[in-house]
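I have placed the structure first, in the form of structure tokens, so that the comments after it can refer back to it.
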Amino acid sequence: MSELEDLLKKEDTEPAVEASEESTMPIASKEKSPEEPEGGAVTKSSDGGIFSLIITVAKKVAIVGAIYFVGYMGWSVAWLIAPVIMSVARAESRKKTQLRRSIAKASAIATEREMILARIDELPAWVYFPDIERCEWVNRILKQVWPNANHYAKDLIKKSIEPNIQKALSNYKLNSFKFDRIILGTIPPRIGGVKVYDKNIARNEIIMDLDLFYASDCDINFNLGGMKGGIKDFQIHGMVRVVMKPLINKMPLVGGLQIFFLNNPNIDFNLVGVVDLLDMPGLNDMLRRIIIEQVGAVMVLPNKLPITLSDEVPALTLKMPEPEGVLRVHVMEAKDLMKKDISMLGKGKSDPYAIISVGAQQFRTQIIDNTVNPKWDFWCEAAIESGQYVEIELFDKDDTSDDEFLGRATVEITSVVKKGQVDTWLTLENAKHGMVHLRLAWLTLGTDRNDLQAALTETQMLRVTSMSTALLTFFVDSAKNLPQARPQSKPDPFLIVTVGKKQEQTSAQMRTDAPVWEQGFTFLVGNPENDTVQLRIVDQKTEKELGKLTYLLSSLLAKQNMDVISEPFNLQNSGPVSKIILSMSLRILRNAPNMEEEAESVGSNGEGSISRTDSVKSAPLQKQDARLSVSTGGEAAVNAEEPCAVSSTATLSSATPPATPEYRETNLIHRTPSTTSSCGVAGLGRIQLTLRYSVQRQRLIVIVHKIMNIPLKDPSNIPDPYVKLYLLPGRSKESKRKTNVAKDNCNPIYDATFEYIISSAELIGTELEVTVATQKGFLSGGSPVIGLVRVALNDNEISQQGITSWYDLLPENYE
């Protein structure tokens, strides 16, 4: 029997806590570690046993006292039943969580063959997607080098994560946080697949994405204000990008590495010790949130973990930020949100707000009181790379308890990069109902200072004072000859950088008058002709200012390529020879072109764009008439063309255009025009869909764009069309999605986005059923169905680049 099956059997027969501490712990980790101090926080010493006994007795006394108090006061039995139900529910939730963690840990220990046989429904991505390759040899190497990597990880936690946690906890008046012991265990990370990029990259770099899964048997102890606690069963899962750059002509051939998560990974861990035993929800939740945030502050974009492999490579090459562009997000409104507030008459409304996350960057809208249809009109901007996605989470503000969740939606930035601008309604996940309206724009970075005036004009037209026209990347290398902050002692200097309303801070360098920071930041600039960069060097212990510098961005605007590379600047209010070495780069924001429209226009100059379902005999595109107009779901009015008549001789067969080499060379397969003059092979009209599968997020994204040329049988009875989606086989209620109804329209536009959580294994045998129906009777028998189409989802192009196509609507009874 495999090790994985043995471990899962133990989980069924042993309590959850014992399974965590005993059955999943390797023998080596149960022995006394040479780094383990006497009387550790979670060691099984005699003191620990006495302490646990005292806690157990105290809990029993508290329970008996609570029962006695309820009886003494003559209260209802509900005061006893409610806590019991909550306690049982919490215990069951913990048991399920512990089982999930143990399964994940067992998967990390087991061989790939055992993992596949045990979890056949969650096969690794390389099984189905040819651009993701198997890398079991990497896992063998990781297993061999993990003891050495263990020491590096401990240094990283102590130097980078611990100070940031201390700083975050100090805001809550909690001081003296310190890691007492860090043992990361014997289970190494596991790589589920690797994708190496060989197109659209620089010649001196190698870029690859790794599907990382780490389920550790760690044993980490910490001390917080006299309270001792620990972290066990730490797990992290996400897509890690590794950039090898620059390539050099000496060993080791690669000058350095940049390692980072494109998006926030899934992080889970178990808090043990006093923090968990006392079950303090506020402290417990706060510690979890802070630890997760600090992991993101080290390795989630825009933060990167740089590793220098050659002394010949300057720090600037690896550590200066290099965003690909800026994403401008406009959170307009939401509608039909869930009602969470309780009123005298039952369910009231909600007080919704939204949190927008792009990697480690977060933005929050204002709270709109007492509504389920809020209008925020909130703008934000983030410097990003194109592999990321935007996640928006909606909450109901509650003053007496934790804010309640209203749902989430996600937009992959790749789709925005292709289109330049996206205006869409998104259906909320993990919610019974609700939609959110977003507008997103992709802005590229240019070196032509003449583009500044156009950017300034655009921000003035938007009438939003927080919008930016340029991006500043800033890198501080070092300083030298700083003055002493206190007698007979060198300072502990750190740097504060301020541009506009944003402020960034470097780490403190201890006991030196020549600190080397080598840290980079990005700043969005409102108007580089007026804005400045403010620098202050401060001693950490005395908070005395050691020097400052004010730099006008207009000076940078006038330089060639708007760059300053490793230039020394004299510090003000400092020593006579005090200097600081800086690098700065200014880039103007420009609206990105719509790459799909450009490709479409290229196709129209030749033989025209190719669509998978376009008939060879389709009529040429014609100018549309504005004869029917309707506003659907807050969208602009829809232009409609002359409805097609139903042909009595229509056949149910369509020819697929040949995939000739010329078409493939121009990469126009599935490029589709925004309009169509064809009524489809059945004369029922056509529907435009986008289908895309995100391997990283395990999501199927379906965008219902528009329907065209619904036949109009009776001019006095114009249909009210809407679209229903189901996943087949099954057609379950959970897979049902539905657009809004477009009143009196034969050419409705929806642009509605829907998502399904579905594994790559399930995708292979699944079909998407798209039904177009109307609230008015359409056929002579009174059926509301206009037509439908079924699309198989086992196409590699859906997962690789997505498909946007026109599909012919077929009769309801067509097989």
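Predicted model only: the values in this text are computed from it and were never measured. Quick note: numbers below take in every heavy atom, side chains included, and nothing from hydrogens, waters or symmetry partners. Index from 1, following the sequence.
The ring-ring contact (aromatic ring centres under 6.0 Å, His included) contacts involving residues 538-580 comprise Y551-F569, where partners must be two or more places apart or lie in separate chains. Within the structure, the side-chain hydrogen bond (donor to acceptor under 3.5 Å, both in side chains) test picks out the following pairs touching residues 519-531 (sequence neighbours left out): S507-Q519.
Between W146 and Y214, the gap from one ring centroid to the other is short of 6.0 Å.
Remark: F363 engages no residue in a ring-ring contact (aromatic ring centres under 6.0 Å, His included) (not counting sequence neighbours). For the side-chain hydrogen bond (donor to acceptor under 3.5 Å, both in side chains) test, residues two or more places apart in sequence or in another chain that qualify with E393 are R408. In terms of the side-chain hydrogen bond (donor to acceptor under 3.5 Å, both in side chains) criterion, R590 has no residue partners (sequence neighbours excluded). Scored by the side-chain hydrogen bond (donor to acceptor under 3.5 Å, both in side chains) test, S554 finds no partners at all (sequence neighbours excluded). Residues passing the side-chain contact (heavy atoms from CB on, under 4.5 Å) test with D477, sequence neighbours excluded: F475, E518, I581. Remark: W379 engages H330 in a ring-ring contact (aromatic ring centres under 6.0 Å, His included) (not counting sequence neighbours). Annotation: side-chain contact (heavy atoms from CB on, under 4.5 Å) contacts of K490 (sequence neighbours excluded): D513. Residues satisfying the ring-ring contact (aromatic ring centres under 6.0 Å, His included) test with Y197, not counting sequence neighbours, are none. For the ring-ring contact (aromatic ring centres under 6.0 Å, His included) test, no residue two or more places apart in sequence or in another chain qualifies with Y152. Partners of T308 according to the side-chain contact (heavy atoms from CB on, under 4.5 Å) rule, which considers only residues two or more places apart in sequence or in another chain, are L318.
A salt bridge does not link D448 with R587: every distance from a Lys NZ or Arg NE/NH1/NH2 to an Asp or Glu carboxylate oxygen is 4.0 Å or more. Between E162 and K178, no side-chain nitrogen of the basic residue sits less than 4.0 Å from a carboxylate oxygen of the acidic one, so the salt-bridge criterion is not met. Between D209 and R241 a salt bridge is recorded (basic side-chain N to carboxylate O distance below 4.0 Å).
The heavy-atom pair separating L546 from P491 by the smallest distance is CD1-CB, 3.7 Å.
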